Amino acid sequence: MTSLIDSLEQENGKSHLPPVRVGDTVEVHYLIREGDKERVQLFIGTVIRINGRGIRKAIVVRRIVQGEGVERSFPLHSPRVKDVTVARRGNVRRSKLYYLRDRVGKATRVTEKLGEKARRDKDRDAAFRAEMEAAAAAQAAAAEGGEGGEG
Amino acid sequence: MTLLLGRKRGMTQVFEDDGTVVPVTVVEAGPCVVCQVRTEESDGYNAVQLGFEDVPDSRASKPRRGHFAKANVTPKRFLREERLTASPELSVGDVIAADVFTRGDVVDVTGTSKGRGFAGTIKRHGFQRGNKTHGCMNYREPGSIGASAYPGRVFKGKRMAGHYGASRKTTKNLPIVRVDLERNLLFVKGSIPGPTGGLVQVRTARTGGRKN
């Protein structure tokens, strides 16, 4: 049985979330406001945690800025998070990469996932992304149509 | 002052346009039917009595069935009264729905809090616990409950262990974040008393409340 809360979260959240896994090096496209202008800022780093379910699902991205570790949490359903693209797939063996916090320099790198399985994953993600974009486009078209109808 | 009866449906969160996350409790509120109007002349005070949630005839007691028949409404599961300062503008049979509230309204929500049974002083009154180690034996004990020969007794109202919860509680000044008229849903910011599925009364805030 789907509860009311579940269905509400499904309605209010995004229909498709970008395929992201722990260990991936990602670019988060985050909408920021500068004065009265809005622009997309990129936050590039490693996903060290995925937490929450439903509309609360969020990722924590870690990067090193001027020798200092910076972690930011991004709620994936937030309207401010425009997109999360995977630049590099990480080969990791745990769901939370907190051990990276204790490491500096070269040791902070996560090895890239390569080989046949990685290729298959990549293809699947690409297919999913295409579907996601199609859904987004359909939604945008519907919204435009709706506005036109009202106007 | 407006009253609406509803059921708590659980908590979730909504995003504002600027990305702020707002924790909300979803209340399935109304529609409520006015089952009786009390006036200064007839009852000595002004009030409206609201009925909420239909119930089959067989489930209503005989006296209640008579009461509902008099008002010419189908039997309801819950009846609650709201006192009014002036004589009521509503009449018997009027329906009140979620549209009495709009985004930004500030409400008080009353419900029956979750029962916790016989609870110790830590849970019930927020007392501090003793040391876990170093030979301490007073881990979750209440400690001293008073002095000795003077006064020679324990003061009335001394906070002790006992039954906790399952009492009427009101959470005040909660802004309404969203109203879904199609499904009679109110999205109230923050948490409200009681379990999911429990009956709650939503009314305009008594103290005016902060606007936000």
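Quick caveat, the model's predicted, so the values are computed rather than measured. Chain identifiers are assigned alphabetically (A, B, ...) following the order of the sequence lines, protein sequences preceding nucleic acid strands; residue numbering begins at 1 within each chain.
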*Asks:* Within a strict 4.5 Å, meaning less than it, do heavy atoms of the B/V109 and B/V27 side chains meet?
*Replies:* no
*Asks:* Can you tell if the side chain of A/V60 reaches within under 4.5 Å of the side chain of A/K96, non-hydrogen atoms only?
*Replies:* no
*Asks:* Is any side-chain heavy atom of B/L199 closer than 4.5 Å to a side-chain heavy atom of B/F52?
*Replies:* yes
*Asks:* Between A/E71 and A/R49, does at least one N-O distance fall below 4.0 Å, as a salt bridge requires?
*Replies:* no
*Asks:* Could you list each N or O donor-acceptor pair linking chain A to chain B at a distance under 3.5 Å?
*Replies:*
residue, atom, partner, partner atom, Å
A/E9, OE2, B/T12, OG1, 2.7
A/E11, OE1, B/R183, NH2, 2.9
A/E11, OE2, B/R183, NH1, 2.9
A/N12, OD1, B/R178, NH1, 3.3
A/I55, O, B/Q13, NE2, 3.3
A/R80, NE, B/D17, O, 3.3
A/R80, NH2, B/D17, O, 3.3

*Asks:* Which heavy atom in B/L4 sits nearest to a heavy atom in B/A97, and how many Å separate them?
*Replies:* CD2-O, 3.8 Å
*Asks:* Show your reasoning for whether side chain to side chain contact (heavy atoms under 4.5 Å, CB included) applies to B/F187 and A/L8.
*Replies:* CA-CA 11 Å; B/F187 292 63; A/L8 281 175; 3.9 Å; yes
